[in-house]
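Structure first, commentary second.
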Amino acid sequence: MSFVAIVVSSILVNNFVLMRFLGICPFLGVSRQLATATGMGAAVVFVMTLASAITWVFHHTLLVPFGLAYLQTVVFILVIASLVQFVEMVIQKTSPALYQALGIYLPIITTNCAILGVALINVRQDYAFLESVVNGLAAGMGFTLAIILFAGVRERLELADTPAALKGVPIALVSAGLMSVAFFGFQNLFRFLFS
Amino acid sequence: MRGMLADFRNGLLTENPVLRLVLGLCPALAVSTALMNGFWMGVAVTFVLTASNLLISLIRGFIPSRVRIPCFIVVIATFVTVVDLSMNAFLPEMHKILGIFVPLIVVNCIILARAEAFASRRPALNAVADGLGMGLGFTVALMLVSAVREFLGTANLVVGSTPLFGDGLPFAPAKVMTLPPGAFITLGLAVALLNVLTRKPPAARAHGAREEVSA
């Protein structure tokens, strides 16, 4: 599969949030302001790319050769959790500015199902190393695109006169549904570009 | 032993994980395309939630509090692997439909949240009651959303493996309901409905809906 196809697929056609339902919690939880949404998006891109690379290495050099594929879930989540912790420490030491920007988002990224999701998808799609990394990067960018667009919508929703019962989460979910409809417009893009 | 019934009921309505706390939405949105998918996903989550609550409650005295989160994650991941392998063996078709959302139970916010907030500080039986209640609350919410989506999206409902309405009811199914947008919209309206049903007098109600920031 060509890299372009992977990138287009993960960002637009199979957008992680709006089409695959991965990473919904941060998508709803951290999208009330554009600035925080951007920070979260950047942190996710960063961790997803790293996690794709490192879980690929673990899977193909440790789990598969030793016939331990059934330990995938346990190993992946531990690798991701340690990775996040490690990244946090490194950033804190080397780049206080970056830590200021991403620091608060890193701890809650461990339980972001999009990270484990991308690692599992890489394995299930049988991606080679570089394809996995590209997929991780593109998936993170897809997440960022969705959360930034959504934050823009929500900042306006705050000012809108919403019925009491729909205030907060319900109207956010309905708006996400409408965004998802919009992303359906990209479904045929794939066929158009690659056939 | 005391308060077990209350712990059980708490997860069903007052703190329904999906509809009230708005946690664990990824599977609630992704696999709720048909009633049976919702049911089996609910069963899987209930098992993991109850088993990990029990084990964490039993070993809560031995876990140093600094490394408790990694310990919880290992416990949860173990039970998720059990579910994943069992489903693959006994329900291969359902396992295929639920796909990566079975292993992804490990990062379901509800489970870690209950381990941290409840199981790690209560006796085993209360932890089990809480796990069962939360799991059942999750299952009911998931089945509710699934049933609405399947009914409107296919004009039929499949229970077990038999369609309830033969060849389907005579209305044009709205296919969008079984697609991703239908999931967001149905769940949003379900949360709103529960808000209306459980509305308290204005004075007692906090301003706006409750939101939890988590990932």
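Every chain is numbered from 1 and lettered A, B, ... according to where its sequence line falls, protein lines coming before strand lines. Just so you know, these numbers use all the heavy atoms, side chains as well, and skip hydrogens, waters and symmetry mates.
A distance of 11.5 Å separates CD1 of B/I105 from SG of A/C113, quoted to the nearest 0.5 Å. Atoms CG and OG1, on B/L85 and A/T73 in that order, are 8.0 Å from each other to the nearest 0.5 Å. Distance CG/B/L25 to CZ/A/F21: 10.5 Å, rounded to 0.5 Å.
Scanning residues 91-103 of chain B against chain A with a 4.5 Å heavy-atom cutoff picks out B/G99, B/I100, B/F101, B/P103, ordered by number. At a heavy-atom separation below 4.5 angstrom, chain B is approached by A/V74, A/I77, A/L78 within residues 74-87 of chain A. Annotation: residues 173-188 of chain B contacts chain A through B/L179, B/P180, B/P181, B/A183, B/F184, B/I185, B/L187, B/G188 [non-hydrogen atoms, separation under 4.5 Å]. By a heavy-atom distance cut of under 4.5 Å, not one residue of residues 36-62 of chain B is near chain A.
In this structure, the portion of A/R124 lying under 4.5 Å from any heavy atom of chain B is its side chain and not its backbone.
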Decide yes or no on side chain to side chain contact (heavy atoms under 4.5 Å, CB included) for A/L71 and B/T81, but give the supporting numbers first.
CA-CA 7 Å; A/L71 283 179; B/T81 308; 5.7 Å; no
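When A/L173, A/I171, A/V17 are compared by the number of non-hydrogen pairs under 4.5 Å with chain B, A/L173 comes out ahead. When each of A/T162, A/I115, A/L18 is scored by its heavy-atom pairs under 4.5 Å with chain B, the top score falls to A/L18.
Within 6.0 Å of atom CZ in B/F171, more than 12 heavy atoms from other residues, nucleotides or ligands are found, so the atom counts as buried in its surroundings.
Residues B/L104 and A/L120 are in side-chain contact: their nearest non-hydrogen atoms beyond the backbone lie under 4.5 Å apart.
Taking both residues in full, the closest heavy atoms of A/P170 and B/N195 are given as CG-ND2, 3.9 Å, listed atom of the first, atom of the second, then distance. Taking each heavy atom of B/A192 and A/L166 in turn, the nearest pair found is CB-CD2, 3.5 Å.
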